[in-house]
Amino acid sequence: MKYSYYPGCTLKNKAQDLDKYARASAVALGFELEEIPEWQCCGGVYPLATDEIATKLSSVRALNYAKEQGQDLITLCSACHHVLKRVNDDMKNVEDIKNRANNYCEFDEPYQGETKVLHFLEVIRDVIGFEELAKKVVNPLTGRKIGAYYGCLTLRPGKILDFDDPENPKIMEDFIRALGAEPVIYSMRNECCGGYTSLKDPEFTKTRTEQIFDDSTGFGADCLITACPLCMFNLNKSDAKSKVPVYYFTELLAEALGVKEGA
Amino acid sequence: MQKIGVFVCHCGTNIAATVDVKKVVELVRYEPGVVYADDYMYMCSEAGQEKIIEAIKEYGLTGLVICSCSPRMHEKTFRACAEKAGLNPYMVEVANIREQCSWIHKDKEEATKKAVILARAAIAKVNLNTPLKEGESPVTKRALVIGGGIAGIQTALDIADAGYEVDIVEKEPSIGGRMSQFDKTFPTLDCASCILTPKMVEVNQHPNITLYTYSEVEKVSGYVGNFDVDIRKKARSVDFDKCTGCGECSTKCPLGKIGNIPSEFDRGLRNRPAIYMPFAQAVPAVPVIDRENCTYFKTGKCGVCAKICPSKAVDYEQQDEIVTVKYGAIVVATGFDIINLDKFGEYAYNESPDVITSIELERLMNAAGPTGGHLERMSDHKQPKDIVFIQCVGSRCDSEEKGKPYCSKVCCMYTAKHAMLIKDHWPDTNITVFYIDVRTPGKNFDEFYRRAVEQYHVNYIKGQVGKVKPQPDGSLLVQAADLLDGKQINMKADMVVLAAAIEPNPGVRKIATMLTASIDNNNFLTEAHAKLRPVESPTAGIFLSGMAQGPKDIPETVSQAGAAAVKVIGLLAKDHLKTNPCTAQCDTLLCNGCSTCANVCPYGAITYEDVQVNDHGLRETRRVAQVNVALCQGCGACTSACPSGAMDLQGFSNRQITTEVDAICR
Amino acid sequence: MSMTELEKNIELIKEMSGSDPYKCMRCGKCTASCPAYSEMDIKPHQFASYIIRGDMEELVDSKAAWKCLGCFACIERCPRDVQPGKLVDATRQIVARQRGGDYLQPEEVPELLTEDLPQQLLVSAFRRYRR
């Protein structure tokens, strides 16, 4: 199975681990990630006003490219996942945006939201299946208690992203189970880490991440996993007493699949 | 040629403010057939009707056109008026220049133009009207009540006490409904079962009432006064006549001890055996076997209940039985349930056993409930010290997939009740209620709520809860807003109680479809008139009782149940009903027997017969449609479906309708 | 239907934000959910009423408009589909478009940069803080 792959800017720089372990794991799981050529940054944030077009075009181009290949479009970064799915929803359902974006892009045929956008985790859940994943695990992470940290952008707005139940998600918990570890469920797992405000208000972000560590470790987590480079950054910056290591989910995946070394 | 009188009503300013009624009179005066035209302030008033009667006599009118409100409002009034003056009531046409004209237009000139057009259409039609005569149909003097909760029970008792026979069909093994699950009732705090159980017993013993429990309505045909209803009596697997209700079978059922069948009655807070009565005071006191879970039915092994039953009442071979009964009237009292809370994950209902719904709290406070009336957390069986109530969970929601747009009406009051009862039993409990608005219209209702605040010191906070966070120490952290004090609150609680929105019993859709009774977007049954006919469905012979029609509390339900009973009694008291003469007719010379009309007829009123016809000298036997006028409701589906134009509707003939259209397009 | 000047302005905000402030019933679920509550001088539930009253000046001058994390908690939980976060975003747009005000200047950036700061953070901040 071949997928168009949209890595996004951070995965080419500060979050290379998220990317490289995903690529190695994909091979182990039997699917191929074809990075789309000349992709441009999604902007990290879905445009704030309904009438903005220009800021959506990079996503539209990526989506249309995948359509031309006849492939689903995979992302890993939670921000790219969020922006691509929302822009895709606009291209499918919002007439005005659809028309203006197509007028601007002049594709061979208009793009109308045909591409299916999938988060890497969704491919595991919906295409491969967690049972299948469990069978492919060679180094089960037995005995580890892992807290899934979802943050905001993978889940919300739930109706459009359609990733999982935005209040009580279980995709990452099922993922953790498939790797042989024990998921730790805690209520801060879908609460914001402070996001981009850490640029100007780093102290505020610290109060947020401290609550996340307190809550997750209170329930016994010995580490956290995330799909978001920004969450990773903010959590790492924390000076909470309860701080535990944070990994990209792909790193633990590669470890369990036995492809971490050499990735 | 008809002699037609046109009467244009002002309806005060309802019509006259937007439609120039004088101009309408002037413009229709010279329409073909019109010999008289006038306007009046209130045509429906006695003086207005007098005016009509005088005109009929003075000008020898043979047809009337009343330009007024919707015919649904006053067609009956004006037909009666015509009859009084010796005119056939079906020579009256109403042109709706209020709902379909003055109320929806702003521009007077436009509205006046439209009023004239509507009047012209009606005049054109009256020119082709012929006198019609109503037939008569007998009334079956027996009523059916669907649903055996307090609404159905009260309706049935009132009808039965008036001397008519009533059947109650209840899908659960016992009557009693939601009220039987409640502990106490507001605003007087009397015990729900103390006031309900006697009524249940009375229903069971009433000579005029027949109970069909564990039964469902399967098919309904017929019409007002003459319904035929198929009732499926599901196999109880217990012989009604032999069972003494001793309960030995339930005690000995091995599945009772294994405990993996959640009790519906206790909202899953405890388990039940496979052979069970929902609760101790069940009526009838005859258990049922839940065949989906019973080991005997699943594997053919076990049979303990049959072996130990002292009266040999257990009968594994029993089959569902379908009985067909005739009724004159049907009351829908199918009640309510609370919404599924899966979409409200932020309140952690599915995550924490200590987040419960208000109905679950009723069971936890009930002496016959799973904890013997001792309030405890389901997680650790400890008595909660800090309890938070969250109001409006799923009520007043704009988003349809999440909740309901309406106020559930009863939550403010039952929450005040719960708070006071808890404080009464365990005074050292801290209770906080997060509300959006406290709504307590009703006799002694606001006083009741104030008592919770002033006497019981229940802490009411204006603001919603954003999230309930289960904590590592087993408590719940409630993150909420206090809008009046301008604070975000993070409060620890041992238990959280959700006032989940109520919704009509999901089964009501199917029943409404069988009855051709209309329901609204929220699946509540629609009343014939929101103000003036609140307990009748627009479908003749169907009546509404209780929550099936809209959110209401017990006092209101009982009042409505009585009102529905009165309407039923009023119907059953008649020996005959006038039938609608506007029924379909088949022109046997045009009919080719294609069956199209029978396929579209929603009332099963069309059959086929071989008849001898004389088609311009050609004598032959043809298969042609026959309309049973007793069943035909005059909907017109057959006339529009008929490919050969053989079907026609009296009073709404194809010619009359095309003439109306012509008049509009003229 | 004819509209007052205020209603016309609100109509523009409605279009820009995709949110209808008139739907708000003042339940406060947004304010209850907001992780940045302590940082906000005007609380999430107040955005709808400020807009309805026409007090845009105060919103535009507020700290609150810049403190929203864009976490979508209020958007997810709003029972009336007002989704206050969208009104906050619209307020930022008004500041940026009409007043040319930006909360982040490019000159500030070099000082804020650290070794491990992800690109995602920079682009997000630029998108959220500036036009």
Side-chain angles (χ1 to χ4, degrees), chain A residues 8-15 18 41-52 55 77-80 82-83 94 151-153 155-161 166-167 188 190-205 207-208 211 228-234 236-237, chain C residues 12-19 33-36 38-39 63 65-78 81 83 85-97 103-105 108-109 111-131:
Chain A
C9 53
T10 317
L11 273 69
K12 288 290 178 188
N13 275 290
K14 307 291 180 189
L18 180 54
C41 173
C42 71
V45 170
Y46 175 79
L48 304 194
T50 53
D51 54 359
E52 279 187 44
T55 40
C77 166
S78 54
C80 303
H82 176 95
V83 174
V94 184
C152 327
L153 298 173
L155 294 169
R156 296 190 288 264
K159 206 163 107 183
I160 294 171
L161 301 192
E167 298 292 353
M188 290 296 287
N190 63 340
E191 291 285 323
C192 184
C193 66
Y196 69 96
T197 62
S198 58
L199 189 66
K200 294 194 73 162
D201 298 309
E203 285 313 307
F204 173 71
T205 314
T207 63
R208 294 297 300 167
Q211 287 175 35
C228 180
L230 181 48
C231 298
M232 176 65 103
F233 172 75
N234 286 339
N236 278 338
K237 280 270 174 280
Chain C
L12 290 177
I13 295 172
K14 248 166 94 171
E15 266 169 39
M16 197 161 115
S17 61
S19 158
S33 297
C34 183
S38 59
E39 308 295 297
K63 209 170 82 170
W66 303 106
K67 294 296 179 181
C68 166
L69 304 177
C71 77
F72 308 98
C74 59
I75 287 177
E76 194 67 52
R77 293 180 195 152
C78 176
D81 211 24
Q83 312 185 356
K86 291 186 176 174
L87 297 175
V88 177
D89 286 348
T91 306
R92 287 187 184 194
Q93 287 299 302
I94 290 170
V95 179
R97 289 184 189 184
Y103 195 68
L104 178 70
Q105 306 306 329
E108 292 177 68
V109 172
E111 221 174 289
L112 298 167
L113 283 181
T114 57
E115 182 55 32
D116 51 350
L117 188 132
Q119 287 67 28
Q120 182 193 352
L121 173 51
L122 268 187
V123 292
S124 301
F126 265 93
R127 190 55 77 70
R128 287 228 170 247
Y129 283 148
R130 293 177 59 87
R131 175 161 189 173

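A note on names: the letters A, B, ... follow the listed sequences, proteins ahead of strands, and every chain is numbered from 1. Because the structure is predicted, anything quoted here is derived from the model rather than measured.
For the residue pair Leu121(C) and Ser198(A), the shortest heavy atom distance occurs at CD2-OG, 3.6 Å. A pairwise comparison of heavy atoms in Leu230(A) and Gln120(C) identifies N-OE1, 3.1 Å as the closest pair. In plain terms, the two heavy atoms of Pro118(C) and Thr10(A) that are nearest each other are CB-CG2, 3.5 Å. In terms of heavy-atom proximity, Gly43(A) sits nearest to Arg127(C) at CA-NH2, 3.8 Å. Of all heavy-atom pairs between Leu199(A) and Leu112(C), the closest is O-CD2, 3.5 Å. Minimum heavy-atom separation, Ala36(C) to Phe204(A): CA-CZ, 3.7 Å.
Using a 4.5 Å cut-off between heavy atoms, Thr207(A) does not touch chain C at all. When heavy atoms are compared at a cutoff of 4.5 Å, Leu153(A) approaches chain C solely by way of its side chain, counted from C-beta outward. Contact of Ala15(A) with chain C is not made at all, since no heavy-atom distance falls under 4.5 Å.
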>> Checking Thr197(A) against Arg128(C) for the side-chain contact (heavy atoms from CB on, under 4.5 Å) test, could you report, in this order, the C-alpha distance in whole Å, the side-chain angles of both residues, the deciding distance, and whether it holds?
In response: CA-CA 9 Å; Thr197(A) 62; Arg128(C) 287 228 170 247; over 6 Å; no

For residues 66-75 of chain C, run the donor-acceptor check on the side chains, cut-off 3.5 Å, and write out each pair with its distance to 0.1 Å, sequence neighbours left out.
residue  : atom : partner   : partner atom : Å
Lys67(C) : NZ   : Asp201(A) : OD1          : 3.1
Lys67(C) : NZ   : Asp201(A) : OD2          : 3.0

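The closest donor-acceptor contact from the side chain of Ser124(C) to the backbone of Tyr196(A) lies at 3.5 Å or more, if one exists at all. Side chain of Glu76(C) to backbone of Gly158(A): a donor-acceptor contact under 3.5 angstrom is found.
We find the CG-CG distance between Asn13(A) and Leu117(C) to be 11.0 Å, quoted to the nearest 0.5 Å.
With chain C as the partner, the residue from Gln211(A), Lys237(A), Arg208(A) showing the most heavy-atom pairs under 4.5 Å is Arg208(A). Ranked by heavy-atom pairs under 4.5 Å with chain A, the first of Lys86(C), Arg92(C), Gln83(C) is Arg92(C). Between chain C and the options Gly8(A), Cys42(A), Pro166(A), Cys41(A), the largest number of non-hydrogen pairs under 4.5 Å is found for Pro166(A). Considering only heavy-atom pairs separated by less than 4.5 Å from chain C, the leading option among Lys159(A), Met232(A), Glu52(A) is Glu52(A).
Considering only heavy atoms from C-beta on, Arg77(C) comes within 4.5 Å of Glu167(A) through its side chain.
Taking the salt bridge (Lys or Arg N to Asp or Glu O under 4.0 Å) definition, one finds that Glu15(C) meets it with nothing, sequence neighbours left out.
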